[in-house]
Amino acid sequence: MSKNNGEKAPEEKKSNFIHLEIDKDLAENKNGGAVLTRFPPEPNGYLHIGHAKSICLNFSLAQKYGGGCNLRFDDTNPVKEDVEYVDSIQEDVKWLGFNWEGDVRFASDYFDQLYLWAVKLIEKGKAYVDDQSAETIATQKGTPTEPGKESPFRNRSVEENLDLFERMKKGEFAAGEKVLRAKIDMASPNMHMRDPLMYRIIHQSHHRTGDKWCIYPMYDFAHGQEDFIEGITHSICTLEFKVHRPLYDWFLDQIIDGDTELENKVRPRQIEFARLNLNYTVMSKRKLLELVQKEIVAGWDDPRMPTVSGLRRRGYTPESIRQFADRIGVTNRDGITDVALLESCIREDLNKKAPRVNAVIDPIKLIITNYPEGQTEEVEVINNPEDESQGARMLPFGREVYIERDDFMEEPPRKFFRLGPGREVRLKGAYAVTCTDFKKNDAGEIEEIYCTYDPETKSGATTVTRKIKGILHWVSVDNAVDAEVRMYDRLYNHEAPASQKDKDHLEFINPDSLTVVNAKVEPSLKEAKTLDKFQFQRVGYFCIDKDSTSNKLIFNRTVALKDSWAKKK
RNA sequence: UGUCCCAUGGUGUAAUUGGCAACACGUCUGAUUUUGGUUCAGAAGAGUCCAGGUUCGAGCCCUGGUGGGACAACCA
């Protein structure tokens, strides 16, 4: 409260190289100063933290320049796509805190237009129908170091191509029988310019267009035109699409050529940036799908998944993810970001927001021998020392409490300042207690701890001034609530550098990535709602899980607290 | 035997038209604290991949290396 003097300036949004590029465009008054970006996922999976980077980038660009950002589904391949993904993606974008410009767009909305443009290319002699198999075409393509060979069907007449393409559309051919290719340059050093496919035959219902089409445009023939149709000024994408850019430009050149109306339309400018790599984290959609399908995780929103929904369920906040996106910046060099940076963002956010509660993960009973049997009382504890407006609550206290097993040591080492025989500690918010004795079971494990308490030390009482260094969290035995606590470790026990991305990551799965424990928590938590977040004293941040079918409270651990004692051990 | 992109502390990023390499995370000290958290104060850690060149002066410009990445799906 009184710290406003030393207050740091609110963190300024760093400006990155894309800002500089847009600034240049604006200085030249390109597009009349308009900025329209877009986020164009294929609905073939759930969004993950890497997409979140792109979302934050595109939407914040729009905000910064007073423009907009479209949400467009790149649904050109019905084989892989599903409405489940369309729904989850919209939910995730909204949850991250962004609003797209106008209605949601779909590439499939442009299928008619794309078809017309394909016909135009055929008419110009710039596209042809090829009868060869996928394998043959692949072989003829050459390699990055060797030029390709031209297809024997390359020089079919315009009339024949028109007829064939029409019949492809009508469904006269089986999948794989024919494709439409652009006629560019089989010797180009850029593989994407070696007569790329424009259309292929897929006899499968599309989640939006149903059975209207059996030919579908390839991504390369669709994406640039989609941006063009929507009037996107800046098409921000990841580095691997840099080599596609000449092809997009070529398609647009052909389409625009001879059409004065299109000639005056905004041409999107593509700017590439490096995708996010996180250590200990796999971001490939293909592999995440595999984790789901093989039931290595419980679903796309399993809290161990790097998906937006997984992070949400784990207790990450949209603010923390946006903060992360801001901190990692945007460049065009590949790197591997340390997950510690992400974890730092969520700790920072939750530290301000999450109320502190008492919970004992691994309980052991502590009995206060000089506290009258049958007596109870309530003690007041602050909900969040970082935010006074969160107030305080009353906690029931009695003769028997649970404390953390780790908080007692029979033979404490020098720097341990929690409980041990003859030692005095404070039960947070309540009294100071001194250990007088303890009981072991036959296995030699400590079963009960006996203490006496000093009534003069009640929290808030000022009469006792002696220093008590150790402070323990506790839960009253009579009022303790059972809870299931899920502690998550890294799903992967290796670092996943970009250079290893072709390896089968599933062999690196950490089998101990989930530990479930039965904990005792304070009674106030009975009223907690799904996705509510708490800081368990000295343990970590936890989030109430939505799937609590039983009466048990279920907590997912968002992130552990920093613990310097743990490091010393 | 190609084309394109990239190279700054452990990690991620900064560094106006060339001018003392900065910030965050992480690490380590110390102080405060009824959380070994938080907060606060401080420290260590790079001379900018290498070798040349231009310049009064180069992380930035030029040349040549080295290293890493992208591109050869009827995927996006």
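This is a predicted model, so every value here is computed, not measured. In what follows, every chain begins at residue 1, and chains take the letters A, B, ... in the order their sequences are listed.
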- Message: Apply side chain to side chain donor-acceptor pair (under 3.5 Å) to residues A:Glu380 and A:Ser459 and explain how you reach the verdict.
- Response: CA-CA 8 Å; A:Glu380 189 183 68; A:Ser459 195; over 6 Å; no

Between [X] and [Y] (salt bridge meaning N to carboxylate O under 4.0 Å), is one present in this structure?
X	Y	value
A:Lys458	A:Glu377	yes
A:Asp349	A:Lys353	yes
A:Arg327	A:Glu348	yes

side-chain N/O [X] vs [N] OP1/OP2, d < 4.0 Å:
X	N	result
A:Lys562	B:G26	yes
A:Arg538	B:G36	yes
A:Arg275	B:G69	no
A:Thr337	B:C25	no
A:Lys242	B:U3	no
A:Lys285	B:A76	no
A:Lys141	B:C71	no
A:Lys458	B:U34	no
A:Arg347	B:C25	no
A:Arg200	B:A76	yes

What distance, rounded to whole Å, do you find between the two [atom1] atoms, one in [N] and one in [M]?
N	M	atom1	value
B:C60	B:C20	P	14 Å
B:U39	B:A22	P	24 Å
B:A46	B:U38	C1'	31 Å
B:G53	B:A76	C1'	45 Å
B:C49	B:C56	P	24 Å
B:G64	B:G47	C1'	23 Å
B:A21	B:U48	C1'	8 Å
B:A72	B:G59	C1'	36 Å

How many Å lie between [atom1] on [X] and [atom2] on [N], as a whole number?
X	N	atom1	atom2	answer
A:Lys469	B:A31	NZ	P	8 Å
A:Glu81	B:C75	CD	P	11 Å
A:Asp195	B:C74	CG	P	13 Å
A:Arg333	B:A70	CZ	P	17 Å
A:His19	B:A15	NE2	C1'	18 Å
A:Arg194	B:A73	CZ	P	11 Å
A:Glu424	B:U34	CD	P	14 Å
A:Asn279	B:G26	CG	P	14 Å

Does NZ or CZ of [X] come closer than 6.0 Å to the centre of the six-membered ring of [Y], within 45° of the ring's axis?
X	Y	answer
A:Arg208	A:Phe106	yes
A:Lys533	A:Tyr541	no
A:Arg490	A:Tyr280	yes

- Task: Report yes or no: is there a donor-acceptor pair, N or O only, under 3.5 Å between the side chain of A:Thr331 and the base of B:U13?
- Result: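 Per atom types, no contact qualifies.
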
Counting the atoms with a prime plus P, OP1 and OP2 as sugar-phosphate, which does [X] contact under 4.0 Å by heavy atoms, base, sugar-phosphate, or nothing?
X	value
A:Gln537	base
A:His244	base
A:Arg286	nothing
A:Gln535	base
A:Lys178	nothing
A:Val330	sugar-phosphate
A:Leu197	base
A:His473	nothing
A:Asn190	nothing
A:Ser188	nothing
A:Phe416	base
A:Lys352	nothing
A:Glu135	nothing
A:Phe417	base

- Which sits closer to the 5' end of RNA chain B, A:Phe241 or A:Pro189, going by the nucleotide each is nearest to?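 With A:Phe241 and A:Pro189 compared, the 5'-side residue is A:Pro189.
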
- Task: Please figure out whether A:Leu20 or A:Ala138 has its closest RNA chain B nucleotide nearer the 5' end.
- Result: A:Leu20

- Query: So do the side chains of A:Lys53 and A:Phe273 get within less than 4.5 Å of each other, counting heavy atoms only?
  - Reply: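 A:Lys53 reaches A:Phe273 side chain to side chain.
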
- Task: Quick one, give me the B/S/- string for nucleotides 41-46 of chain B, reading 5' to 3', where B means a protein heavy atom under 4.0 Å from the base and S means that only happens at the primed atoms, P, OP1 or OP2.
- Result: ------

- Note on the structure: The dot-bracket string of RNA chain B, counting Watson-Crick and G-U wobble pairs with both distances under 3.5 Å, using [ ] for crossing pairs and | for pairs to another strand, is .((((((..((((.....[..)))).(((((.......))))).....(((((..]....))))))))))).....

- Query: Is the ring centre of A:Tyr248 less than 6.0 Å from the ring centre of A:Phe241?
  - Reply: no

- Message: Counting the benzene-type ring for Trp, do A:His473 and A:Phe536 have ring centres under 6.0 Å apart?
- Response: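 When the ring centroids of A:His473 and A:Phe536 are compared, they turn out to be at least 6.0 Å apart.
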
- Which one of A:Arg154, A:Gln132, A:Glu150 satisfies the side-chain hydrogen bond (donor to acceptor under 3.5 Å, both in side chains) criterion with A:Gln140?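 Result: among A:Arg154, A:Gln132, A:Glu150, A:Gln132 is the only option passing the side-chain hydrogen bond (donor to acceptor under 3.5 Å, both in side chains) with A:Gln140.
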
- Message: For B:G47, does the O4'-C1'-N9-C4 or O4'-C1'-N1-C2 angle fall within 90° of 0, making it syn, or is it anti?
- Response: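 Base orientation: syn.
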
- Item | Least distance between heavy atoms, A:Ile215 atom then A:Met168 atom | CG2-O, 3.6 Å

- Task: Could you check A:Asp387 against A:Ser389 for side chain to side chain donor-acceptor pair (under 3.5 Å), going step by step and ending with a plain yes or no?
- Result: CA-CA 5 Å; A:Asp387 179 6; A:Ser389 71; 2.6 Å; yes

- Should the pair A:Trp300 and A:Tyr46 be assigned to parallel (<30°), tilted (30 to 60°) or perpendicular (>60°) ring geometry?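 Aromatic pair A:Trp300/A:Tyr46 classed parallel.
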
